[in-house]
Amino acid sequence: MPDESTAPTPPAAEVPGELPRDRLLDAYRFMVLARTMDERCLTLQRQGRIGFYVPLQGQEAAQVGCALALAPSDWIFPAYRELAVALVRGISPKLLLDQFIGNSGDEMKGRQMPNHYGYRRFNYVTASSPVGTQITHAVGAAMAAQRRKDPIVTVCFFGDGTTSSNDFHAGLNFAGVFRTPTIFFCQNNRYAISLPLERQTHSPNLAVKATAYGFPGVVVDGMDVVSVHTAVAEARARALAGEGPTLIEAQVYRLGPHSTSDDPRRYRSDAELAEWKAKDPLARLKHDLLAQGLLEESADAGLWEAARAEVTKALAEAEATPPITPESIFDDVYASRPPALEEQRVECLRLLQEGILKP
Amino acid sequence: MTDLTLVQAVNRALHEALSTDPDVLILGEDVGVNGGVFRATEGLQKEFGSERVIDTPLSETGIVGAAVGMALYGLKPVAEIQFLDFIYPAFDQIVSEVAKFRYRSGGQYPCHVVIRTPYGGGIKGGLYHSQSSEAYFAHTAGLKVIVPSNPADAKGLLLTAIHDEDPVLFLEPKRIYRSVTGEVPDGDHRVPFGQAATVREGSDVSVFAYGAMLPQAVQAAEALSSEGVQAEVIDLRSLVPLDEKAVLASVEKTGRAVIVHEAPRFCGYGAELAALLAEKALYSLKAPVARVTGFDTPFPYALEHVYLPNAERIAHAVRTTARAS
């Protein structure tokens, strides 16, 4: 983390309903850190230093607003675009870069593509690539929390495309039936890779789908950190009061590509992009902070510089972290290795020793 | 010891687990008030309540996905899928999530879900109430696949599954749910995974089978005994992990192998056994390995007696294998 003056404060255990003015600057710092890290990761991928990357630009306010409204004991079930949520959660850039590189510091042990991470100690569950599968998990975990009488909520992140999936329907239906303390946080960024929202659904919006499952659906301006925070805090309070789940549709725009393998110029116009760039959530919050006297123009550059320095330091450390050992691919398939798998591990080690496989 | 049918033994295992571990719960379609369409969960909701024996909406994806979330949180869910034939909506959950959670999280998130489901033919169930698709799941790293063939094993293996650290697909041979009765130990009876059982010793041919094929294989072996052919019948019980040692030791003794399963032949579980014998027991073999399996067709309704391996067909294969040189 950078020095004390610029380090944003993670969310408190007691979550207030509205984002207080003094947390606005923290929100902005997290958004700046997320944007900075995101830009660096896109460069790293182009330079071949990481294999792949899923950017979040345009979705920072939605993610930070949501994450700041949660308690550390709440369980997060992310998709693969929630960098800012992870940062608010306290997962450090170094840990994340270890994962993107797949080195020996990667707690996923080099098994997953970049962006597919999770850390039990942060109540941030390991993501997978199939879209929507985490929705039913969030519901099941909420049922378990209900059973244990733990005062927590589970929060599930997904995009507009996922609302067409099998698991979206199954998960929301279960959540309605069992009135689980779950927040379904949909970041509607208007595209599922190339498919625009109007081809994803004929519904007037995505939040309206909650009606069919018997619980509230809320549309919120996802470019506005305060609105998002309020909506999530309200949903959380309802969930903790035993009033069941909420679907929140945060309307955002994916300013970048779906992933580093995507070229969005194939499916959307420059004019559309320019229109949304003008609504950049960072510019918007900065404007508000300046207007409220919470930030000086001169201090803004310092925030960006601090974020860049933090990411640079984390990257240097991550790149200096040794690679993962090849035989580790045989760990964690099961709690302990069955004989046939142990035999394959020994075979692999022998091939490595003989130079037939390279470490 | 109590005399029980196989389905009663399943019920007793669930009862034992619910009684002794507050983290165990059951979820599935019709498992609560109705006690399951095969009555495997009969009486459990009444005794343990609707929060531990949960009737769910009709969604296999939801059942397995919710069970995953419960397991991640630390509970021990036992999900019932009403028929193996209906498990495919949850295939993504099982293959992409259940099987991979421990691995993809670097060991942070074990996912000890048990999925119980009746499988197999012989009940006039046609295409969609008869399938044996164990090979899809045995092919997936991270899952354990268990198939009991008698009441005592059904209880012992299911209790092992519920308290195992890994996810288990527990396939129950519905055709013999009630046709076999046997002595079942009371209490917390457990049968370890990865250990095949020699059901009948013999010196001439090894017959490998599991689940509802076991009684057929034993019947075949007994019939052949009078012809002077002594077949050794091995109940695999645990498809993953496989008791390789038991398979190899038997074939090293007999030099001949017949593999029996209901599932279609092509890329069926028997193909893996045959490959294992080719790799590790080729020089012990005195005859080609034979497979007695379902045909490579969908499971037929009116002609299931033609499709399903039976004692006569197994005996024919064993006889041929015993005489081959």
Side-chain angles (χ1 to χ4, degrees), chain A residues 75 77 99 106-112 116-121 125-130 132-148 150 154 165-167 169-178 180 182 328-329 331-341 343, chain B residues 22-23 25 27 51-52 54-75 77 79 89-90 92-93 95-97 99-113 141-144 164-167 193-194 238 240-245 276:
Chain A
W75 277 47
F77 290 80
Q99 197 273 325
D106 172 15
E107 296 184 20
M108 268 40 68
K109 303 186 184 173
R111 290 170 188 154
Q112 293 228 72
H116 297 65
Y117 45 80
Y119 304 87
R120 188 178 263 282
R121 64 186 179 284
V125 179
T126 313
S128 67
S129 299
T133 46
Q134 74 278 17
I135 295 178
T136 46
H137 305 166
V139 175
M143 291 170 79
Q146 277 176 319
R147 165 147 181 74
R148 292 214 169 142
D150 292 341
T154 64
S165 75
N166 183 0
D167 281 86
H169 168 62
L172 271 71
N173 188 47
F174 269 54
V177 168
F178 296 109
T180 63
T182 310
S328 70
I329 64 171
D331 297 339
D332 307 313
V333 182
Y334 298 95
S336 59
R337 273 190 297 280
L341 194 56
E343 197 178 303
Chain B
D23 284 338
L25 51 79
L27 69 163
E51 290 183 358
R52 293 189 70 197
I54 305 167
D55 277 321
T56 68
L58 204 166
S59 166
E60 287 75 18
T61 307
I63 293 166
V64 176
V68 170
M70 291 172 176
L72 299 178
Y73 203 84
L75 300 184
D92 189 21
Q93 281 292 341
V95 171
S96 304
E97 304 293 327
K100 293 178 176 54
F101 237 114
R102 179 189 291 278
Y103 193 74
R104 79 169 189 241
S105 65
Q108 298 180 79
Y109 286 102
C111 188
H112 41 81
V113 171
L143 296 178
K144 291 179 176 172
D164 199 84
E165 294 177 86
D166 294 311
F193 290 170
S238 173
V240 183
L242 169 66
D243 188 352
E244 267 193 37
K245 275 187 186 162
L276 174 71

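Order of the sequence lines sets the chain letters (A, B, ...), proteins ahead of strands, with each chain counted from 1. Keep in mind that the numbers below use all heavy atoms, side chains included, and drop hydrogens, waters and symmetry copies.
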Item checked: side-chain contact (heavy atoms from CB on, under 4.5 Å) between A:E107 and B:Q108, worked out -> CA-CA 8 Å; A:E107 296 184 20; B:Q108 298 180 79; 4.1 Å; yes
Measure across [X] and [Y] and return the closest heavy-atom pair with its distance rounded to 0.1 Å.
X: A:A340; Y: B:E244; answer: CB-OE2, 3.7 Å
X: B:L143; Y: A:Y334; answer: O-OH, 2.7 Å
X: A:F178; Y: B:P57; answer: CE1-CD, 3.9 Å
X: A:A335; Y: B:D166; answer: N-OD1, 2.9 Å

For [X], is it the side chain, the backbone, both, or neither that has a heavy atom closer than 4.5 Å to a heavy atom of chain A?
X: B:D55; value: backbone
X: B:V240; value: side chain
X: B:Q93; value: side chain
X: B:I54; value: side chain

Notebook entry, point to check: Relative to chain A, which of B:L75, B:L27, B:L58 shows the most heavy atom pairs under 4.5 Å?
Noted result: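 Most pairs with chain A among the choices: B:L75.
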Margin query: Taking every non-hydrogen pair under 4.5 Å, which of B:S96, B:G194, B:G107 racks up the most with chain A?
Written below: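 Highest number of heavy-atom pairs under 4.5 Å: B:G107.
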Next item on the list: Evaluate the side-chain proximity of B:M70 to A:R147: yes if any heavy-atom separation is below 4.5 Å, no if none is.
Entry: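 Not in contact.
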Checklist line | Side chain, backbone, both or neither of A:V139 within contact of chain B (heavy atoms, under 4.5 Å) | finding: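 When you check distances to chain B, no heavy atom of A:V139 falls under 4.5 Å.
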Notebook entry, point to check: Parallel, tilted or perpendicular: which fits the ring planes of B:Y73 and A:W75, with parallel below 30° and perpendicular above 60°?
Noted result: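 Rings of B:Y73 and A:W75: tilted, as their planes differ by 30° to 60°.
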